2 protein chains.
Amino acid sequence: MAKESTVDQQLPKLGIAPYLQLMNNTMAKGTDRKSAQMGLLMLWLSDNVLDVIDEDLSAFGITESKLDLLLLLLLHEERELVTPSAIADRLGIRRASVTALLDWLEKRKWIAREQSAKDRRMIHVRITEEGVDLIDNVLPTFWATCASLLDDLDAEERKLFEKILVKLNGSIEKRLGVGR
Amino acid sequence: MAKESTVDQQLPKLGIAPYLQLMNNTMAKGTDRKSAQMGLLMLWLSDNVLDVIDEDLSAFGITESKLDLLLLLLLHEERELVTPSAIADRLGIRRASVTALLDWLEKRKWIAREQSAKDRRMIHVRITEEGVDLIDNVLPTFWATCASLLDDLDAEERKLFEKILVKLNGSIEKRLGVGR
DNA sequence: GAATTTAGTTAGATAATCTAATTGAATTAC
DNA sequence: GTAATTCAATTAGATTATCTAACTAAATTC
């Protein structure tokens with residue numbers, strides 16, 4: 001039966017062991033084995049975290065980066081001049097990329113562009129009422145999904161993890177020169 | 001001066017506080033506040049981890065997903081029949097997407113395709129010597145970059161974090177039905 | 001007032017994914 | 001033992017998120 005031969009040729013899950021084996025053969029002298037191992041796990045976990053969040057958001061027809069931008073606009077709503085340049089700067093992407101994101105969000109009426117009166121080269125970007133409605137719709141499940149990432153940790157572990165998480169995120173933000 | 005007005009319109013980094021504020025207003029009843037907060041931090045950290053790794057790998061002209069595929073092939077090198085279908089299954093993507101990845105890797109001579117003699121619909125995919133060379137080149141820095149993610153943690157924190165990391169990755173893999 | 005700088009967009013590219021259709025080979029069902 | 005079906009891989013065509021380079025219009029500098 002073809003179905004079974006398909007199962008037959010399935011690639012077995014090897015687990016982390018062969019990766020560690022490979023690591024021992026390919027690691028530079030100065031690298032700490034345990035740290036590299038944990039870093040690899042962090043990378044895998046990170047991939048998986050993004051997948052979980054993507055999956056959650058896809059039900060709302062939006063992606064993480066776009067939600068991110070909408071939240072940015074919401075949290076800077078009172079600022080009178082939020083420009084594509086400032087957004088690009090903040091998100092660490094090019095202005096041209098911001099133009100594309102804004103085109104997409106504008107088409108769905110979740111943001112609006114208005115030309116600045118002071119300097120007519122500049123554009124003020126703001127979230128619309130519909131955009132706020134979307135966010136109000138998305139966030140309850142979004143927070144629940146975020147929380148669910150920690151479901152398997154007990155109270156003690158959560159407490160320990162919190163400190164570590166803040167530290168790790170702080171140092172990586174410094175390293176990349178980013179931050180929200 | 002224009003330069004200064006650009007600085008002027010820069011969006012300030014707000015930190016996590018306004019996100020938590022927003023969370024309080026938009027969270028569903030049953031969601032645990034602290035967990036949601038930590039989940040959000042995990043998401044941010046995950047984004048940053050992928051950025052760090054991407055940056056590291058870009059020096060070698062390869063991306064995480066392609067390295068991932070090459071490692072998969074390396075670790076299954078002795079298997080006589082590694083097909084695009086099996087790869088797709090394992091990576092959780094479509095066969096068509098695997099075709100595209102393989103085209104790219106084959107063009108650079110890092111993998112080779114050979115038709116199966118037994119079933120001529122099937123293709124055996126293997127990593128080439130050049131592919132192994134690439135990996136040997138990439139891995140030393142790759143491991144160092146992985147390890148560097150934990151640079152700021154002290155010995156005690158690392159020990160605690162390891163247990164948590166294994167647990168978190170285990171549960172998220174189960175949830176997504178993936179794994180290596 | 002001419003040259004330069006700046007903001008935003010457009011054009012065109014690449015990567016990583018998808019779905020739907022196609023091709024060729026193997027299997028199944030009369 | 002052929003006809004219909006299934007299966008593996010690819011192709012065609014689309015989307016999202018990014019990039020660089022070129023362009024346009026406005027503001028600033030000299």
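Values below: all heavy atoms of this structure, side chains included; hydrogens, waters and symmetry mates excluded. Bear in mind that the values here come from a model prediction, so they are computed numbers and not experimental data. Order of the sequence lines sets the chain letters (A, B, ...), proteins ahead of strands, with each chain counted from 1.
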Task: Gap between atoms CZ and P, on R94(B) and dA20(C) respectively (whole Å) - done: 9 Å
TODO: Could you list by number each residue of residues 55-66 of chain B showing a heavy-atom separation from DNA chain C of less than 4.0 Å, or answer none if no residue does?
DONE: T63(B), S65(B), K66(B)
Open item on the list: Which heavy atom of D56(B) sits nearest to which heavy atom of F142(B), and what is that distance?
Closed with: OD2-CA, 3.6 Å
Open item on the list: Which heavy atom of S171(B) sits nearest to which heavy atom of D152(A), and what is that distance?
Closed with: CB-OD2, 2.9 Å
Task: Note: E157(A)-K163(B) ion pair, threshold 4.0 Å (strictly below) - done: yes
- [ ] Starting at atom NZ of K107(B), determine the distance to atom P of dA15(C), rounded to an integer number of angstrom.
- [x] 8 Å
Open item on the list: Distance check needed: dA25(D) P versus Q115(A) CD, whole Å only.
Closed with: 12 Å
- [ ] Identify, between L101(A) and R120(A), the residue whose nearest nucleotide on DNA chain D lies closer to the 5' end.
- [x] L101(A)
Task: Gap between atoms CD1 and P, on I93(B) and dT15(D) respectively (whole Å) - done: 20 Å
Open item on the list: Measure CG/L102(A) against P/dT10(C) and give the value in whole Å, please.
Closed with: 12 Å
Task: Upstream residue (5' side of DNA chain D) when A117(A) and A96(B) are each assigned their closest nucleotide - done: A96(B)
TODO: Nearest whole angstrom, please: distance from the C1' of dT9(C) to the CD1 of I123(A).
DONE: 9 Å
- [ ] State whether the distance check finds a donor on one side and an acceptor on the other, under 3.5 Å, for side chain R95(B) versus base dA9(D).
- [x] yes
- [ ] Would you name the heavy atoms of P12(B) and R90(A) that are closest together and state the gap between them?
- [x] O-NH2, 3.0 Å
Task: N-O pairing of D32(B) and K34(B) below 4.0 Å - done: no
Open item on the list: Under a 3.5 Å distance rule, please check whether R158(B) uses its side chain to pair with a backbone N or O of L153(B) as donor and acceptor.
Closed with: yes
